[in-house]
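Here the structure comes first, spelled out in structure tokens, and everything after it is commentary.
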Amino acid sequence: MILSVKNLCIAIDGKPAVRDLTFSVAAGEVLGVVGESGCGKSMVNMALMGLLPDGVSASAERMEACGIDLLRARSRDWRALRGGNMAMIFQNPMSALNPCLTIERQLTESVLHTHGGMSRASARAEALRLLDRVGIAHASARLKSYPHELSGGMAQRIMIAMAVASAPQLLIADEPTTALDVTVQAQILQLLEEIRQDTGMAMMMVSHDIGVIEQCAHRVQVMYSGQIVESGNVGEVIASPRHPYTRGLVAAQPGRNGQRPKSRLTTIDGSVIPITEEVEGCRFRSRCSRTDHHCVQPPTMQRTEANSHRESRCHW
Amino acid sequence: MLRTIGLRRLLEVATTLLGVSLLAFFLIRVAPGDPVLLLIGERGSDPEQYREMAAHLGLEQPLIAQYLQFVANALQGNLGVSVVSQQSVIEELLARWPATIELGVSALLIACVLGIPAGVIAAVYRNSVADFLIMTVSIFGYSIPVFWWGLVLILCFSIGLDITPVAGRIDILYDIAPITGFMLVDTLAPQVVQEYGFSAFGSALAHLALPALTMATIPLAVFARTTRSSMLEVLSEDYVRTARAKGLSEFWVIWRHAFRNALIPIITVGGVLFVTTVITGAILTETIFAWPGVGRYIVNSVYARDYPVIQASILLIGIFVVLVNGLIECVYRAINPAVGRDSAN
Amino acid sequence: MQTSITAVHRLMPGGWGNIGFFALVTMVLLGFLAPLLLDLSPYRIGAELLVPPSWNPLSAPILGTDDLGRDMFARLVYGARCSLGIGFVVVAVSLVVGVGLGLLAGVYGGWLDAVIMRLVDLLMCLPSILLAIVIVAVLGSGLVNAVVAVTIIGIPRFVRVVRSVAIQEMQKTYVMAAFASGSSRFRVLWSEVLPNCVPPVIVQAALGFSDAILEIAALGFLGLGAKPPVAEWGAMLADARPFIESHPLLVVMPGVCILITVLSFNLVGDALRDRLDPKLARL
């Protein structure tokens, strides 16, 4: 296992937000994480990278990445891990690049962080190779550019180049395509898939768009209001969702199940309850169409079938 | 793009200069009393001199012609003669300029070196004891009356501890020939070092210490406050998170990634401060410490109703301000690629 | 009762501003009530010169006497009245003029805007104290002329902030709607733009107060504002300068008064800005 997390809890100002997350990622595997904005997906990423903001704290029974116990990691270990075995790309590539530094500086910085004693010239050569790898034309001219001179897709490619500079075993992609045009979105997903096949790295792909997850992930876990509500093989989960929330997500996809693309969209009524709000019983209850007396009890993750890895946090 | 921006800026500069020159021009014409007498002084003026000045001002000509004459004279460096000293005003001002610049630059250096790191520390350790202390000191520094603070420093360091002199730029026992006009530089000239060793430099430094410290207080506070708020904003940006996610050390993240971006508003404020520190600070500080610079000269000229000097000072300081603002804009464009690009197109 | 408490609470700037607010209330009470309640004579020349402070509220000169034997406490109290009163006049006049010009520039635009902003630029271009000195040099020194000078240099801050608010407001949909429904520019100015200028103007007024007090004191100190024997803090400082070695407190006390007042206004101004107008960057 590249990543193994057991009962991860994250609290904002002492109030529990993310509750008892247990999941793992195997080498070379792509885990998709899907959920609405505000369900705590990004906070989990930040916890895994040790980048939680002030006032937000994480605790867990186990949190291991690439053979390192993250619970015991000191800041030095975190830094070695971040620029080494783990890397991350973000939602908005334009604001994730430093506007005052050239691409060359930002890229060689990543290269030099991984290869300590490298000379400037070879760092530059490596940067060129990386740009080439992520499909940027005229790489040597691009090195001199500033971020504001790039398009969103190009900026995200450069973010990917920076992330893979250290040949990480695990890449966390936090909504990598949300801010991009649909056509560019597909290119970026394809690029990530190519790199994954070349290097054999594992990926955690976070998105609010189940269509994106379907395209690139092997397994999926669905998050709702700080909890995992369903997990399993991507194909199976999307084909026959068990949890009412997953069902809603899948149904809300335009053009699915032979519907005409422009037919009336299905929506999930209501909105996500604030992540820090305490709820008795099932957290999806207020929006669920099938509630009964069982739903007053907090549901647990249960195998949906014997001999399968599918789990759902619903008694139905 | 450059054309329009450049042209508009140039037009703004031109109108500002026009305004400054009009202000200087009308100064003696609005002031109560006979402008001729204001310019040659009321005492000891003989009728000959009076006629000469009246002809020079061309008071019987239309106002616009008078103004053009004034500008033409100013462009030739002819800003009249001081009533008090009967010397050329422009020469007197330029002779005092290095002393003021030396003091102002020293003060601003102190303010930068202490204020900016303090602001960074306050931002990075927000809501800590250090932040609280730095912000408390800076709001005091920001509110302090400069002229009183100078006296308090004299009270502590000169009268109480007796470690610094109270007036002038150097002890009278040193005879320093001005080369650059900057005392700290001139006292390091080979012949000075040969004659006095480094004691002359030490004396100059000791004389500079208190006035520079006095003048540095307000800019220091402003630097600390601006740096803090600018850093706080930048530290919450995505690219700072990216830098951390790259595994860079916190020191590198703060100074290379955050501080560079935070610097942009700091430079803008720094430019404004430079002008206000050098001029405003000079007027009050130089008066307290008997520092022979432009500020004290202006104040004394106001006491003596030496209008040619006041007139020339406004003109020169106006030009100085415009130049400094232009310089700041260049630095600003150099450091901010997004702005710099516009100018390159 | 409840409503009056909330009203007071709403007036309070909050946080550190509250401390500044209380300090100012104390200053105002001291400056304007003390002369009525106590028998203070700041100008009576006494026989005992340079009496050191007794710090005893029961013995006569609590804070001692100055070089002419005048009661320091009385002089400082009258100084507070002088500074606060002048500050009020300066801020009130420059606020009215500045807000008016800012509204004209922002709402009507065009050549009016250009002319007003050129003038403002000119005033901002020269450092304020230099400008004040020059104005005093033209008008002649004296307290009244100093007040005029400080009022003039206080105007630009209001013009700039009001103009920027007005320009923002003019682009909003509801202003467009008001025009569309036939409102005149003046009507829009009065009922739509002006109310939105209130929060930033209050902040600027507090900060303007502190600047005005500092500048008046500076002019007094330079001998270009209040003239002896007027009990004004800046002039008192200048008066006391020759005695700095023998009686340092004579120099320290007026300065502390200026510092406390200016500091209080800055605390109030900062707190108000944080509360009323978080987006307003330092102008």
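In the text below, chain A, chain B and the rest are named by the order of the sequence lines, each starting its count at 1. Side chains are part of it too, since the values below use all heavy atoms of this structure and drop only hydrogens, waters and symmetry mates.
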Going by heavy atoms in the side chains, are [X] and [Y] under 4.5 Å from each other?
X: B:P145; Y: C:L259; result: yes
X: B:F140; Y: C:N266; result: no
X: B:R225; Y: C:D270; result: yes
X: B:Y142; Y: C:L263; result: no

Given that the side chain runs from C-beta out, which part of [X] has a heavy atom under 4.5 Å from chain C: side chain, backbone, both or neither?
X: B:T16; value: both
X: B:I298; value: side chain
X: B:V321; value: side chain
X: B:Y303; value: side chain

Heavy-atom contact with chain B under 4.5 Å, split by part of C:L224: side chain

Which portion of C:V256 sits near chain B, non-hydrogen atoms under 4.5 angstrom: both

Under 3.5 Å: donor-acceptor pair, side chain of C:R241, backbone of B:I288: yes

N/O donor-acceptor pair under 3.5 Å between B:W148 side chain and C:V252 backbone: yes

Proximal to chain B - members of residues 212-221 of chain C, heavy-atom separation under 4.5 Å: C:L214, C:A217, C:A218, C:F221

Straight-line distance of B:S143 OG to C:L267 CG, nearest 0.5 Å: 6.5 Å

Spacing of B:I283 atom CD1 and C:L222 atom CG [to the nearest 0.5 Å]: 8.0 Å

Over 12 foreign heavy atoms within 6.0 Å of CD, B:E233: no

B:F157, CZ atom: more than 12 neighbouring heavy atoms under 6.0 Å: no

For chain B, the option from [options] that forms the most heavy-atom pairs under 4.5 Å:
options: C:G140, C:A238, C:A137; value: C:A137
options: C:D121, C:L131, C:L130; value: C:L130
options: C:S264, C:P248, C:P254, C:G223; value: C:P248

Partners meeting salt bridge (Lys or Arg N to Asp or Glu O under 4.0 Å) with B:R96 (sequence neighbours left out): B:E92

For the student: nearest non-hydrogen atoms of C:L122 and B:G19, plus distance: CD1-C, 3.5 Å

Minimum heavy-atom distance C:I244-B:L151, with the two atoms named: CD1-O, 3.6 Å

